[in-house]
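Every value quoted in this text rests on a predicted model; they were computed, and no experiment measured them. Read the numbers this way: they start at 1 and go in the same order the structure lists the ligands and their atoms.
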Amino acid sequence: MLTIRELIFSYHDSPEFHFSLQASAGEITMILGKSGSGKSTFFDLLSGFLSPQSGTIMIDGVSLLSLPVEKRPLTILFQKHNLFEHLSVEKNIQLGKPNASKEEIRHILKEVGLEGFSKRAVTALSGGQQQRVALARALLRQKPILLLDEPFTGLDKATHDEMLTLVEKITKTHKLHTIMISHEEEDARIASRVYRMVDGRLS
Ligand code: ADP
Ligand code: MG
């Protein structure tokens, strides 16, 4: 269980944000809220790029707050720029685990629906396929928390739905604490818990 209690943060002399949330392993937790409401700021606090003024972030009873960015047990995916465009699919995935075997890469590509794509240039892939590569790399990292910051915005409806189904599947298979930010209400259908960012408060 990932438990965030009353995390307080403000940029300079801007108003305070208050964040509280719980997320379970094997479940999707959705964060909904308007643009500019503070959703990505919350992910920056979880990732360690920003430090809160007070509050706690605990996973299974262990605090994350004293850990530097690179030691935090999470992977974050953004809407864009998750991949290195000059590298192949295989090379991009290997960045998640430099000593991964060919067999591991083959297996993970199959899991995200990209069997046989290892030698392709990522620039030759569709938007949805590129996000599948990013998810494959995240899975190889084997971190228990997966943060998705509007990763499927801009994809067509059918692809968007396929990606949600994939996130459901990998969350269960890998027992991830998946937290997904979205501004589309209907994405909440895949979530076990739904939180909203309203007036600076996540609850
Ligand atoms: P969301 O992801 O919900 O669109 P953000 O967390 O990116 O919102 O931003 C929340 C608010 O904080 C916005 O008003 C934004 O302008 C402001 N903000 C974001 N980053 C910074 C920053 N580095 N310095 C000052 N204000 C910021
Ligand atoms: Mg954002």
- Query: Is there a heavy atom of S35 sitting under 4.0 angstrom from any atom of ligand 1?
  - Reply: yes
* Is the shortest distance from a heavy atom of K34 to ligand 1 less than 4.0 Å? -> yes
Ranked by distance from atom 8 (O) of ligand 1, the top protein heavy atom is G38 N, 3.2 Å
In short, G26 meets K172 closest at the heavy-atom pair O-CG, 4.1 Å
_Considering both backbone and side-chain atoms of F17, is one of its nitrogen or oxygen atoms within less than 3.5 Å of a nitrogen or oxygen in ligand 1?_
no
Without hydrogens or angle criteria, can the side chains of R5 and S20 be said to hold a donor-acceptor pair below 3.5 Å?
no
**Prompt:** Should R106 and E90 count as an ion pair when the cut-off is N to O under 4.0 Å?
**Reply:** no
Test salt bridge (charged side-chain N to carboxylate O under 4.0 Å, His left out) on R132 and E111 and set out the steps.
CA-CA 9 Å; R132 286 174 191 268; E111 198 176 343; over 6 Å; no
Criterion salt bridge (charged side-chain N to carboxylate O under 4.0 Å, His left out) on E162 and K157, from CA distance to verdict:
CA-CA 9 Å; E162 283 172 22; K157 171 88 173 81; over 6 Å; no
Note: heavy atom closest to atom 19 (C) of ligand 1, options F49, F42, Y11, belongs to Y11
### Query
Can T75 and R137 be counted as having a side-chain donor-acceptor contact under 3.5 angstrom?
no
Under 4.0 Å from one or more heavy atoms of S37, ligand 1 contributes atoms 1 (P), 3 (O), 8 (O)
Under 4.0 Å from one or more heavy atoms of G36, ligand 1 contributes atoms 1 (P), 3 (O), 4 (O), 8 (O), 10 (C), 11 (C), 13 (C), 14 (O)
Do H177 and E27 have side-chain atoms, one donor and one acceptor, less than 3.5 Å apart? no
Candidate pair D161 and R189, rule salt bridge (charged side-chain N to carboxylate O under 4.0 Å, His left out), full reasoning:
CA-CA 11 Å; D161 286 349; R189 69 181 167 78; 3.3 Å; yes
Legend entry - Protein contact for atom 15 (C) of ligand 1 (heavy atom, distance under 4.0 Å): no
If you compare I181, L50, T41 by their heavy atoms, the one closest to atom 9 (O) of ligand 1 turns out to be T41
Exercise for review: Compute the minimum heavy-atom distance from S14 to ligand 1 and say whether it is under 4.0 Å.
Suggested key: no
Joining Ile, Leu, Val, Met, Phe, Trp and Tyr whenever any side-chain heavy atoms lie under 4.5 Å apart, the cluster holding F49 also takes in V69
Result, protein N, O or S atoms below 2.8 Å from the Mg ion (ligand 2), excl. waters, equals 1
Is it true that Q131 and N82 share a donor-acceptor pair across their side chains at a distance under 3.5 Å? yes
re atom 7 (O) of ligand 1, the protein heavy-atom contact at minimum distance is S40 CB, 3.8 Å
For E85 and T123, does a side-chain donor sit closer than 3.5 Å to a side-chain acceptor? no
